[in-house]
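Quick one: this structure, given as structure tokens, is what I'll be asking you about.
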Amino acid sequence: MFRAAVRTLLSHRLRFAMPALAVLLGVAFVTGSLIYSESVSAAVARARANSQPDVSVEIAPDRSAPSRPADSSDGAPRLDDALLRRLGAVPGAAAARGTVEGRSFLAGSDGTLVGDLNQAAGINFVPDRTGKDPRYPLTAGRGPRTAGEVAVEKQAAEQAGRRVGDRVRIVVNGTARSARLVGVFTARDSRSAAGGTLIAFDTRTAQKQFATAPGSYTQITLAAADGTTEDQLAERAQKLLPSGLRAVTRADLDAEAAASASDDQKLTGLLLSFAGIALFVSTLLVANTFTMLSAARAREHALLRAVGATRRYVLRLVLAEAALIGTVASVAGYALGIGVAALLNRLFGVTGGPAAPLHVFSGTPLIAAFAVGIGVTVLSAYLPARRAAAVPPVAALRTSEPPTTASLRRRNTIGLAVTACGALLVTAAVGSQNVLFAAVPVLLIGLIVLTPLLALGVTGLLRSPLTRLAGIRGKLAVENARRNPRRTAATATTLMVGLAMITAVTVVVSSVNRMDEQDADRSMTSDLRITAVDFAEVGDDTAARVARLADAEAVTPVVHTFVDVSGGNSLSADAVNPATVQRLAAVSVREGSLDRLDHGIAVSEKTATGQGWRLGSHVTATLNGSGTKTTLPVVAIYDGSDALASVLLSDRTLPPNADPEHRPRVGSVLANAADGRTAALRQEIRRTLDNPALLVQDRADARAAAAARLGPFLNIMYAMLSVTVLIGALGVVNTMGMAVFERVREIGVLRALGLDRRGVGAVLRLESVTISLLGSALGLLAGSAIGAAAVLGQDGVPLVIPWDRAFLFFLATAATGVLASLWPGRQAARIPMLKAIATDTE
């Protein structure tokens with residue numbers, strides 16, 4: 001049996017090529033995703049384990065303890081030099097180090113920020129007696145000694161194109177300044193391993209920039225001496241710590257970091273979901289191929305039965321063929337999966353900087369490759385194999401057995417029921433998004449089952465226009481598509497699934513983009529808005545510097561903070577310039593005046609109603625987490641702009657909070673220019689601030705940025721789903737190629753009746769386009785319904801159907817049909833006429 005299966009594959013290798021290629025692509029996607037995710041996880045774990053080897057115990061604020069204001073004098077714990085000295089004397093502590101860290105960014109030679117901004121950090125350089133820091137070994141120069149000097153991690157310096165002695169541009173606390181690069185160091189730090197930049201300052205400068213109080217640290221770390229375990233050192237250190245601080249072992253720190261680092265797991269799940277879609281389409285293609293082969297080889301299987309083969313033998317023979325195809329596809333797919341993993345490594349760059357070393361022969365991907373490749377192929381071929389085994393010996397006198405009307409009628413009934421169920425679930429998903437995950441597969445499966453009926457209906461509608469457009473060639477193409485609606489449906493559905501997913505993603509992204517554009521239009525009430533790039537911030541002095549520019553007519557900062565009122569409620573608040581905010585934001589005062597905002601608060605009408613406040617009401621509250629309660633009158637009630645919070649404070653009276661996690665942040669700076677001077681003011685702001693971490697946008701810039709926010713995500717989705725569409729295109733090529741093999745005699749008769757070679761190719765092209773457009777239409781309709789359900793279930797997101805892109809998808813599908821018919825058309829045109837007429841079998 002095995003030899004018979006090998007001989008069959010070799011003799012029909014062209015027919016098995018397309019399903020093998022489809023399985024190969026699916027396996028490559030799965031194994032590539034697994035290889036990449038395992039490699040990234042190993043690289044992150046290795047970087048975390050190797051990071052800062054001198055840390056055995058970390059002393060940090062206890063987040064579970066009741067919070068106290070960092071600037072109060074009620075005995076709140078501080079990580080200062082006195083505590084550092086006491087901890088350094090703990091038995092079993094080899095060394096104690098005061099660490100000061102915060103956000104800091106490095107600009108390259110082209111003026112843009114370098115590295116992964118989420119991993120960018122500023123640190124303190126702690127020299128020993130020789131001037132070296134054992135945690136950050138120098139490779140060139142020396143450590144920083146003054147506020148005007150910095151040292152930079154080697155990889156970051158190379159990215160920025162800077163060397164020792166150069167002036168570098170850095171951004172700290174939202175303000176850009178220049179510093180002298182005096183040293184380059186290496187670091188065993190997970191942030192640099194993840195592509196971030198490390199900038200080292202002298203300890204005093206770092207404390208001024210990042211610490212909660214002068215002379216304090218953000219954390220203290222201890223190194224255990226030989227013979228002392230982490231747990232022992234942590235237990236001894238904890239006894240010296242005041243309430244509000246805790247000693248955490250390195251093992252616990254690594255466990256917390258591993259638990260919070262879930263981005264790579266989410267990405268792996270996303271990649272595997274796309275691989276699952278590709279495998280599902282591959283399953284359809286393989287099943288369709290074996291179904292066509294079972295019909296074409298009916299006489300062969302009948303002859304086997306006639307000479308003594310049992311049904312079980314024929315079943316095992318076909319499954320053996322499928323297993324061989326799956327094995328070959330798995331081997332090739334695994335090899336291609338290594339390339340996919342390398343591409344993903346470069347594309348996503350989860351570990352940033354240098355690519356993560358790929359573990360190309362790890363166990364899980366290797367097992368998955370063969371389990372998926374062989375399993376998908378064998379399962380897909382099982383039903384066709386049963387049909388082949390059921391062929392009676394008398395069928396040796398026939399070439400095929402068309403499906404009966406009854407069986408198609410049963411399929412149509414089932415398809416209608418499942419499709420209706422899927423449609424109901426999609427409708428229900430508008431109210432509950434979790435239902436959508438069940439609705440999508442049910443709807444698609446229902447359409448797959450129902451497609452033969454739809455194929456007959458659509459081709460019936462196309463018969464007349466195609467006949468008028470292409471004459472007898474169009475009629476022949478339509479009749480060929482209608483001849484076997486099961487086959488037409490199976491081919492169309494391979495395109496339908498991929499196009500449905502692409503359309504659904506496009507609808508969702510287009511709708512979210514429209515919402516972002518509308519939000520940008522509503523929030524952009526001033527001529528210019530200054531905001532920070534992701535993970536950066538706007539400097540506290542930015543508004544004052546902009547206000548001093550000649551073309552600036554009105555300027556206000558928008559400082560995000562909060563107000564704790566009685567009853568445990570916390571209200572979001574913005575601190576603004578009372579004198580200019582009404583000219584810069586859509587604030588319509590209903591009662592009172594913002595002129596008295598220095599002595600009270602203003603609240604939106606909705607908030608006043610909800611809290612039971614009126615003009616003149618005195619509100620007892622804690623502002624900005626300062627810990628000090630104060631009573632302020634309500635001096636104004638207004639209709640708020642979407643760009644502002646429900647409570648307004650004066651930026652001149654906002655109490656300080658030194659805690660970095662609760663310090664008020666300047667969310668943006670709004671500015672109006674003198675008449676006709678908007679462009680000039682924007683240039684002045686950029687030149688004055690000279691800060692690569694800040695964006696200076698007018699209304700058009702804000703709208704364009706909002707529209708482009710999801711562009712990279714959409715491109716990645718298209719790239720992932722394009723594999724599914726490619727498999728669908730292979731299905732069209734496969735069907736048309738099989739049609740040529742089956743219609744040899746028919747083609748010869750058509751040639752004898754006067755149809756030339758170009759005519760034969762035209763018939764096949766029209767048939768291919770008909771099938772492709774059927775799949776396209778179903779995919780566009782299903783995808784639009786799925787995308788609409790996802791959008792309508794979200795509050796405030798307008799439904800946008802991107803008709804322009806839908807039309808492009810439709811044209812691309814038609815082009816796919818034309819391209820898919822080129823090779824089968826050439827094969828058909830090359831068949832000699834007399835040989836074709838004389839052919840009696842496949």
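Keep in mind that the numbers below use all heavy atoms, side chains included, and drop hydrogens, waters and symmetry copies.
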Heavy-atom closest contact (Gln518 atom, Pro798 atom, distance) = OE1-CG, 3.9 Å
Name the one of Val505, Val512, Ile502 that satisfies side chain to side chain contact (heavy atoms under 4.5 Å, CB included) with Leu714?
->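 Single side chain to side chain contact (heavy atoms under 4.5 Å, CB included) partner of Leu714 among Val505, Val512, Ile502: Val505.
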Evaluate the side-chain proximity of Thr531 to Gln697: yes if any heavy-atom separation is below 4.5 Å, no if none is.
->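 Sidechains of Thr531 and Gln697: in contact.
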With a 3.5 Å cut-off and no angle check, do the side chains of Ser604 and Thr607 form a donor-acceptor pair?
-> yes
Atom pair OG/CG of Ser776 and Leu499 - distance to nearest 0.5 Å =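 Interatomic distance, Ser776 OG to Leu499 CG, rounded to 0.5 Å: 5.0 Å.
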For the pair Ser282 (side chain) and Ala22 (backbone), establish whether a donor and an acceptor sit closer than 3.5 Å, ignoring hydrogens and angles.
-> yes
Which heavy atom in Arg103 sits nearest to a heavy atom in Leu117, and how many Å separate them?
->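 Nearest heavy atoms, Arg103 then Leu117: NH1-O, 2.9 Å.
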May I ask you to check whether over 12 heavy atoms, not counting those of Phe535, lie within 6.0 Å of atom CZ?
-> yes
Step through the shown structure and confirm whether more than 12 heavy atoms of other residues, nucleotides or ligands are within 6.0 Å of CZ on Arg805.
-> no
Please determine if Lys606 and Asp639 form a salt bridge, counting it only when a charged side-chain N lies under 4.0 Å from a carboxylate O.
-> no
If we ignore angles and hydrogens, is there a donor and acceptor under 3.5 Å between the side chains of Asp564 and Ser570?
-> yes
Look at the side chain of Thr556 and the backbone N and O of Asn577, then say whether any donor-acceptor pair between them is shorter than 3.5 Å.
-> yes
Should Val507 and Pro802 count as side-chain neighbours, where that means a heavy-atom distance under 4.5 Å?
->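 Yes, side chains in contact.
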Step by step, would you call Asp516 with Arg703 a salt bridge (charged side-chain N to carboxylate O under 4.0 Å, His left out)?
-> CA-CA 8 Å; Asp516 289 343; Arg703 186 179 178 87; over 6 Å; no
Quick one: are Val442 and Val426 in side-chain contact, heavy atoms under 4.5 Å?
->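 SC-SC contact between Val442 and Val426 ruled out.
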Yes or no on side chain to side chain contact (heavy atoms under 4.5 Å, CB included) for Val589 and Gln582, after CA distance, side-chain angles and deciding distance?
-> CA-CA 9 Å; Val589 177; Gln582 285 185 272; 3.4 Å; yes
Which pair of non-hydrogen atoms, one from Met524 and one from Asp698, has the smallest distance, and what is that distance?
-> CE-C, 3.6 Å
Rounded distance [0.5 Å steps], CG in Leu584 versus CG in Asp527 = 8.0 Å
Evaluate whether atom CZ of Arg699 has more than 12 neighbouring non-hydrogen atoms of other residues, nucleotides or ligands under 6.0 angstrom away.
->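 Above 12, so yes.
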Between CG on residue Leu443 and CG on residue Leu450, distance to nearest 0.5 Å =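 Here the rounded value is 10.5 Å.
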Under 3.5 Å, is there a donor-acceptor pair linking the side chains of Asn118 and Arg191?
-> no
Leu689 versus Ile530, closest heavy-atom pair with distance |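 It is CD1-CD1, 4.3 Å.
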Below 4.5 Å, heavy atoms only, C-beta onward: do Ile277 and Met501 meet side chain to side chain?
->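 Counting from C-beta outward, Ile277 and Met501 do come under 4.5 Å.
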Atom OG1 of Thr493 and atom CD1 of Ile445: how far apart are they, to the nearest 0.5 Å?
-> 11.5 Å
Residues Leu615 and Ala636: closest non-hydrogen pair is CD1-N, 3.7 Å
Side-chain heavy-atom pair Leu25, Phe29 within 4.5 angstrom cut-off |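 Leu25 does not reach Phe29 side chain to side chain.
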Donor-acceptor contact present, side-chain Asp574 to main-chain Leu648, <3.5 Å =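 Pair absent, no side-chain N/O of Asp574 close to backbone of Leu648.
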Closest approach of Gly337 and Thr31, non-hydrogen atoms and distance?
-> CA-OG1, 3.5 Å
